[in-house]
Amino acid sequence: MRDGWRWLALGAGAFVLSAAVRWNWLHAHFGALVTGVLPDDAFYYFEIAHRVWAGQGVTFDGTAPATGLHLLWLGLLLPLFAFHPAGSPAPVVASLWLATALMAVASTLVARITWKWTKRWDLAVATGACLTVNPWVVRESLNGLETALALAFLAASVLGLLRYTESPSRPRAMALAGLLVLTLLARSDALVILAPACGVLLLRRAWWRDAAVVAGGAGAGVAALSLLNWVRTGAFLQSSATAVPWLFHANWSRLHPEASAAQAHEHGWDVFLRALDSTEVFLGEPLVHLLLLCAAGLVVTGVGHAVSRRSPSLDSALPAALLVGLAAGLLALHFVHGYVRWLPRPWYFVPCALLVCLAPAALARLWQGGGAARASLAGVLLLGATTLTMGRDLERLRVQWDVPSYPWQAEMLATGLALVERLPADAVVGAFNAGIIAYVTPQTVVNLDGVVNEDAARALKRHALWAYMRERHMEYLADYPAMWRPSEFIHCTWPYWGGSPPLPQELFRVDFPGLGWPSPSDPIVVARLPES
């Protein structure tokens, strides 16, 4: 009973700390949220939530079924938007509080795993807090938003795997399979991270049948999700999820017509390596140094066991093996998004911080077999290293608090408000970056890059985007010209409109000095689409 109250108190403390490090955004005005931490993609969910409550179903524009969604996050968001009008900032702020609470859950689960491995409350509290205050985790958990949900379920799945290995049983294997399915619904690529870690179920022959249950349950979840996609869009795999990567590949091939297959593979490899380098930068020196310390400790311990011809027990080595599996899964995730998709977004790789924050506990568990004195010394060393890491990250966070992530999105917000005043109420507007604009305007805004619009994604790939726009009776286009005017930009869609339509005719611009995308001098242009 006492332990239950301790964990409740720890969870409450984690929430307070989680809110404290995000406070400057949790109480910010709507414009500051748009430029500070909320990317355009986050608003796709918000607009869809309003459409659901309006009785239009899971759709972004009231017509086409919305795709490319993480369904569990959408389900959690829906109650927040039930009693607020379209464009209201209140449910947006509520979603940030929800993400903050989910990060507190993730941190508490990390502390729980650490305690199970080390039986040290001090190290458990330190590792949980270390995850909570990392600046990358803080920003990205308010950025992709579903990142916080995915991180919580990733930690829950690791805990479920740990609980099974402590006391193997069929019910615990089924519970683990359920957690994996929920993690899939939280973020569909999360299973790539967890699959190698679940390989520890093969370390004992007695666990193999339960491993089959876990794999079968997760596979059934993947199959059910694919079937749902088929029912809604007529395809097992959402082409919307590959729309932007397809555009990158197509534009690269267009700009390098003489490139061989080997050169394309080399470019993919370069993107993959850049994703690894970026992850190291985003983690920051404090977490990177902590990871290197723990990795060195694991290597030295392994060499020591080899020299002395002693083998650690499976129970003490299991946490390290689990973390090796997580590392392999994260490397695979980098490969998929970097080498294959050419689209490594920062929030895809936040679980790297989860790996780092669990590393001290895994190392401490491995050292516990060397005697009480050695285990105590190791615990003190790792506690000091983790606490130092947390302190340095708090300082980094303080410096980064007032640095907006998306300053140019102020123009997107202003564009949406301008459409209300300057276009007819029944206007149908196309946009490639459609989230913010659609959320703040009553006009119908159709997503054209296919991120949440399967029909647009397919039209783009067929080089028939212009025909799709005519089919949807679009009269206007609102976006940065780099997206739709002829150029060599990797995001350019003009070559895939099809036919030979004249360029859209500019009506007005939204231009804030010093802001813009892809360069600070680029304004958003609202244009009239040609009639033929």
Side-chain angles (χ1 to χ4, degrees), residues 11 13-26 36-39 42 73 95-114 124-158 183 186-187 189-190 193 275 278-291 294 323 326-327 330 333-334 344-361 386-401 403 405:
F15 176 74
V16 170
L17 179 60
S18 184
V21 297
R22 294 166 173 79
W23 184 249
N24 63 318
W25 294 301
L26 292 174
V37 290
L38 285 175
W73 175 244
S95 72
L96 297 181
W97 278 101
L98 175 58
T100 299
L102 289 168
M103 272 308 307
V105 171
S107 300
T108 304
L109 290 171
V110 166
R112 179 73 174 171
I113 295 167
T114 300
V125 171
T127 55
C130 196
L131 180 69
T132 303
V133 304
N134 180 257
W136 187 32
V137 175
V138 170
R139 278 188 179 267
E140 301 304 341
S141 63
L142 296 181
N143 173 336
L145 292 180
E146 79 276 358
T147 298
L149 178 65
L151 205 58
F153 272 104
L154 282 166
S157 296
V158 173
T183 305
R187 183 164 186 89
D189 60 3
I193 303 171
S278 297
T279 298
E280 181 180 351
V281 173
F282 291 135
L283 274 174
E285 284 189 359
L287 275 193
V288 171
H289 290 163
L290 180 63
L291 178 61
C294 293
L323 288 195
L326 285 177
L330 286 164
L333 188 72
H334 278 81
R345 298 279 175 83
W347 54 88
Y348 296 164
F349 310 119
V350 171
C352 292
L354 180 68
L355 169 73
V356 178
C357 293
L358 288 176
T386 306
T387 304
L388 178 63
T389 297
M390 181 177 59
R392 294 172 63 197
D393 270 347
L394 278 171
E395 177 60 23
R396 292 176 60 229
L397 184 64
R398 186 191 65 81
V399 172
Q400 295 179 22
W401 258 349
V403 180
S405 296

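Side-chain contact between Val350 and Ser141 is absent, with no heavy-atom pair separated by less than 4.5 Å. Considering only heavy atoms from C-beta on, Leu96 stays 4.5 Å or farther from Arg22 through its side chain. Contact check for Trp25 versus Val138: side-chain heavy atoms found under the 4.5 Å cut-off. Residues Thr127 and Leu358 have side chains not in contact (no heavy-atom distance under 4.5 Å, counting atoms from C-beta outward). Contact check for Leu287 versus Cys130: side-chain heavy atoms found under the 4.5 Å cut-off. Side chains of Pro39 and Arg345 form no contact here, defined as non-hydrogen atoms less than 4.5 Å apart. Residues Val399 and Arg396 form no side-chain contact, since every pair of their non-hydrogen atoms from C-beta on lies 4.5 Å or further apart.
Here the CD1 atom belonging to Ile113 is positioned 6.5 Å from the CG atom belonging to Leu354, to the nearest 0.5 angstrom. One distance of note links CZ of Phe282 with SG of Cys352; it measures 11.5 Å at 0.5 Å rounding. In this structure, CH2 in Trp73 is found 5.5 Å from OG in Ser95, a value given to the nearest 0.5 Å. To the nearest 0.5 Å, the span separating CG on Leu131 from OG1 on Thr389 amounts to 12.5 Å. Here the straight-line distance linking atom CG of Asp189 with atom CG of Leu333 works out to 5.0 Å at 0.5 Å rounding. Atom CD of Glu140 and atom CZ of Phe349 lie 11.0 Å apart (nearest 0.5 Å).
Annotation for Ala150 and Ala186: closest pair CA-CB, 4.0 Å, computed over non-hydrogen atoms. Scanning both residues, Ala156 and Leu109, for their nearest heavy atoms gives N-CD1, 3.7 Å. Contact detail for Met390 and Ala129: the closest heavy-atom pair is SD-CB, 3.2 Å. Of all non-hydrogen atoms in Leu323 and Ala359, the two that sit nearest each other are CD1-CA, 3.4 Å. Taking both residues in full, the closest heavy atoms of Val356 and Pro360 are given as O-CD, 3.1 Å, listed atom of the first, atom of the second, then distance.
Salt-bridge annotation for Arg392 and Glu395: absent, with no side-chain N of the basic residue lying under 4.0 Å from a carboxylate O of the acidic one.
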Discussion item. For Tyr348 and Arg187: C-alpha separation, side-chain torsions, deciding distance, then whether side-chain contact (heavy atoms from CB on, under 4.5 Å) applies.
Written reply: CA-CA 9 Å; Tyr348 296 164; Arg187 183 164 186 89; 2.7 Å; yes
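Counting only distance, with no hydrogens or angles, the side chain of Arg139 and the backbone of Gln400 share a donor-acceptor pair below 3.5 Å. At distances below 3.5 Å, not a single donor-acceptor pair connects side-chain atoms of Thr100 with backbone N or O atoms of Ala19. With hydrogens and angles ignored, the 3.5 Å screen pairs a side-chain donor or acceptor of Asn134 with a backbone N or O of Leu283. In terms of modelled atom types and a separation under 3.5 Å, the side chain of Trp401 and the main chain of Val21 share a donor-acceptor contact.
Ring orientation note: the planes of Trp97 and Phe15 are tilted relative to one another, at an angle of 30° to 60°.
Between Leu154 and the choices Leu355, Leu326, Leu149, Ile193, the side-chain contact (heavy atoms from CB on, under 4.5 Å) rule is met once, by Ile193. When the options Thr147, Val137, Thr132, Leu142 are evaluated for a side-chain contact (heavy atoms from CB on, under 4.5 Å) with Met103, the one that passes is Val137.
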